[in-house]
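Written out below as structure tokens is the structure these notes cover.
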Amino acid sequence: MATIIGGLATSHIPAIGGAIARGLQQDPYWKPFFDGFPPIHRWLEGARPDVVVVFYNDHGLNFFLDKMPTFAVGAAPEYHNADEGWGIPTLPPLAGNVDLSWHIINELVEKEFDIVTCQEMLVDHACTLPFKLFWPDADPAPVSIVPININTVQFPLPKALRVYRLGRAVGEAIRSWDSDARVVVMATGGLSHQLEGKRAGFINREFDLAFLDSLESNPGWATQFTSLELVEMAGTQGVELLMWLAMRAALGPASPSVRKVHSNYHIPISNTATGVIALETAA
Ligand code: DHB
Ligand code: FE
């Protein structure tokens with residue numbers, strides 16, 4: 001059976017794509033963000049994952065407001081990126097793991113999650129940039145992927161407890177996949193940010209740090225909050241942290257079976273508090 005070897009999560013601001021394209025990783029503005037990654041690169045060199053299941057939220061590239069699934073699972077042989085209008089380079093396609101996609105889809109439907117299955121799916125910055133951050137020297141990253149989209153763009157949003165249960169079911173599906181693959185579960189989004197309205201620029205450091213802490217030892221902590229409470233505490237886009245919650249739920253119970261490899265938190269980039277974390281599951 002497949003093994004989940006760990007979890008990764010990072011913020012996914014488009015401006016990061018611009019910084020990478022212009023080689024600004026050591027620029028004083030960007031350095032505190034990019035400095036969060038080398039310890040995780042070293043861990044990945046040893047961990048050698050084959051497959052990445054990535055929880056992300058599309059921002060209007062593949063799903064627009066007229067057709068908005070709550071949960072959508074990719075089942076494509078290849079995932080293409082396209083211009084979203086941010087002025088960042090369009091990245092090469094990522095290879096899909098169709099076998100794991102259909103296994104996850106079958107298991108989720110069996111467990112009564114009404115998902116949308118996508119045999120074609122464009123992936124936006126939320127899916128593509130994390131692969132550039134975690135595998136900066138590979139183009140594309142040397143893994144196949146299963147993208148899972150969670151709606152955090154248009155209300156009603158799925159509540160945190162539901163997302164946690166989805167993540168747990170995805171973790172169970174991965175572990176029951178007939179394969180000797182080494183799988184990493186990834187999440188992208190957050191941390192606190194709000195891009196529009198009266199609270200544009202809103203950041204909540206105290207909440208972000210409490211959430212980051214909870215991922216190691218109290219993974220269900222955020223499920224006590226409603227989606228509106230999460231928006232209130234983390235901002236209208238900060239609610240993207242639901243992806244991190246799904247990733248963490250997929251890894252299974254709390255430490256010592258889940259150990260933090262490294263994390264970093266930095267304010268501000270753009271309007272967004274940025275974070276990264278790597279978690280390792282016990283063999
Ligand atoms: C920004 C943050 C996001 O999560 C996003 O998807 C787009 C832009 C930003 O901070 O600029
Ligand atoms: Fe976003």
Side-chain angles (χ1 to χ4, degrees), residues 8-22 24 27 29-34 36-37 54-65 68-72 74 79 81-91 121-134 147-155 157-158 160 163 186-205 207-208 211-212 222 227 230-247 264-277:
L8 299 170
T10 176
S11 307
H12 64 215
I13 307 161
I16 295 165
I20 293 171
R22 286 178 283 143
L24 296 179
D27 180 274
Y29 181 79
W30 287 103
K31 191 172 165 26
F33 171 72
F34 283 100
F37 288 84
V54 49
F55 291 102
Y56 79 108
N57 62 294
D58 181 85
H59 300 72
L61 181 67
N62 192 73
F63 304 109
F64 200 61
L65 303 180
M68 184 57 66
T70 303
F71 301 130
Y79 296 95
N81 183 214
D83 186 8
E84 299 169 65
W86 296 107
I88 58 176
T90 298
L91 294 171
M121 187 155 139
L122 288 174
V123 290
D124 74 356
H125 66 280
C127 182
T128 57
L129 289 179
F131 289 94
K132 292 298 288 177
L133 289 167
F134 289 119
I148 302 181
N149 183 79
I150 300 178
N151 168 36
T152 53
V153 169
Q154 174 164 261
F155 279 84
L157 309 186
V163 168
M186 188 194 280
T188 103
L191 290 169
S192 61
H193 62 302
Q194 170 143 349
L195 301 180
E196 78 289 306
K198 279 192 194 148
R199 289 207 312 171
F202 174 80
I203 282 174
N204 186 346
R205 180 189 184 91
F207 175 81
D208 287 339
F211 177 66
L212 272 173
S227 304
L230 287 174
V231 166
E232 196 173 16
M233 290 183 295
T236 40
Q237 281 76 37
V239 74
E240 291 177 340
L241 61 82
L242 288 175
M243 315 303 147
W244 297 44
L245 188 62
M247 174 279 285
N264 188 48
Y265 180 78
H266 174 61
I267 304 170
I269 284 181
S270 171
N271 305 296
T272 301
T274 57
V276 61
I277 195 166

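One is the number of the first residue; the rest follow in order along the sequence. Since we're looking at a predicted model, the values are computed, not measured. Order of listing sets the numbers, starting from 1, for every ligand and every atom in it.
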Exercise for review: Have a look at the Fe ion (ligand 2) and estimate, to 10 degrees, the angle subtended by NE2 (H12) and NE2 (H59).
Suggested key: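 That angle is 100°.
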Practice item. Please tell me if the side chains of V276 and F37 come closer than 4.5 Å, counting only heavy atoms from C-beta onward. Key: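 Yes - at least one pair of side-chain heavy atoms lies under 4.5 Å apart.
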Exercise for review: Could you check if a side-chain atom of I267 sits within less than 4.5 angstrom of a side-chain atom of R205, using non-hydrogen atoms only?
Suggested key: yes
Check your understanding: Taking atom OG1 of T236 and atom CG of L230, what is their separation to the nearest 0.5 Å?
Key -> 12.5 Å
Give me the nearest non-hydrogen protein atom to [atom] as residue plus atom name, then the distance to 0.1 Å.
atom	result
atom 11 (O) of ligand 1	S270 OG, 2.7 Å
atom 4 (O) of ligand 1	H193 NE2, 2.7 Å
atom 5 (C) of ligand 1	H125 NE2, 3.5 Å
atom 6 (O) of ligand 1	H59 NE2, 2.6 Å
atom 10 (O) of ligand 1	T272 OG1, 2.5 Å

Point to revise | Region of W86 that comes within reach of ligand 1 [heavy atoms, distance under 4.0 Å] | key: side chain
Review point. What class does the angle between the rings of H125 and H12 fall in, given that below 30° is parallel, 30 to 60° is tilted and above 60° is perpendicular?
Key: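 The rings of H125 and H12 stand perpendicular, inter-plane angle above 60°.
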Practice item. Measure the acute angle between the ring planes of F33 and W30, then classify it against the limits of 30° and 60° as parallel, tilted or perpendicular. Key: perpendicular
Review point. Which atoms of ligand 1 sit under 4.0 Å from any heavy atom of L195?
Key: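 Listed by number with element: 1 (C), 8 (C), 9 (C), 10 (O).
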Study note, to complete from the structure: Checking distances from the Fe ion (ligand 2), one finds that the N, O or S atom of E240 closest to it is OE2
Practice item. Check the pair H59 / E240 against side-chain hydrogen bond (donor to acceptor under 3.5 Å, both in side chains), numbers first and verdict last. Key: CA-CA 11 Å; H59 300 72; E240 291 177 340; 3.0 Å; yes
Exercise for review: Look only at the side chain of R199 and the backbone of E232, and say whether a donor-acceptor pair between them is shorter than 3.5 Å.
Suggested key: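 Such a contact is found between R199 side chain and E232 backbone.
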**Study point:** Any donor-acceptor pair under 3.5 Å from N81 side chain to T90 backbone
**Key:** no
Exercise for review: Would you indicate which of G190, G60, P14, G238 comes nearest to atom 7 (C) of ligand 1 when only heavy atoms are counted?
Suggested key: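 When every heavy atom of G190, G60, P14, G238 is considered, P14 comes closest to atom 7 (C) of ligand 1.
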Review point. Would H125 count as a contact for the Fe ion (ligand 2), in the sense that one of its N, O or S atoms lies under 2.8 Å from it?
Key: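 No N, O or S atom of H125 is closer than 2.8 Å to the Fe ion (ligand 2), so no.
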Exercise for review: Examine all N, O or S atoms of H193, backbone included, and report whether one is under 2.8 Å from the Fe ion (ligand 2).
Suggested key: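 It does not; every qualifying atom lies at 2.8 Å or beyond.
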Check your understanding: Can H12 be said to touch ligand 1, with heavy atoms closer than 4.0 Å?
Key ->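 Per 4.0 Å heavy-atom rule, H12 contacts ligand 1.
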Review point. CZ of F64: more than 12 outside heavy atoms within 6.0 angstrom?
Key: no
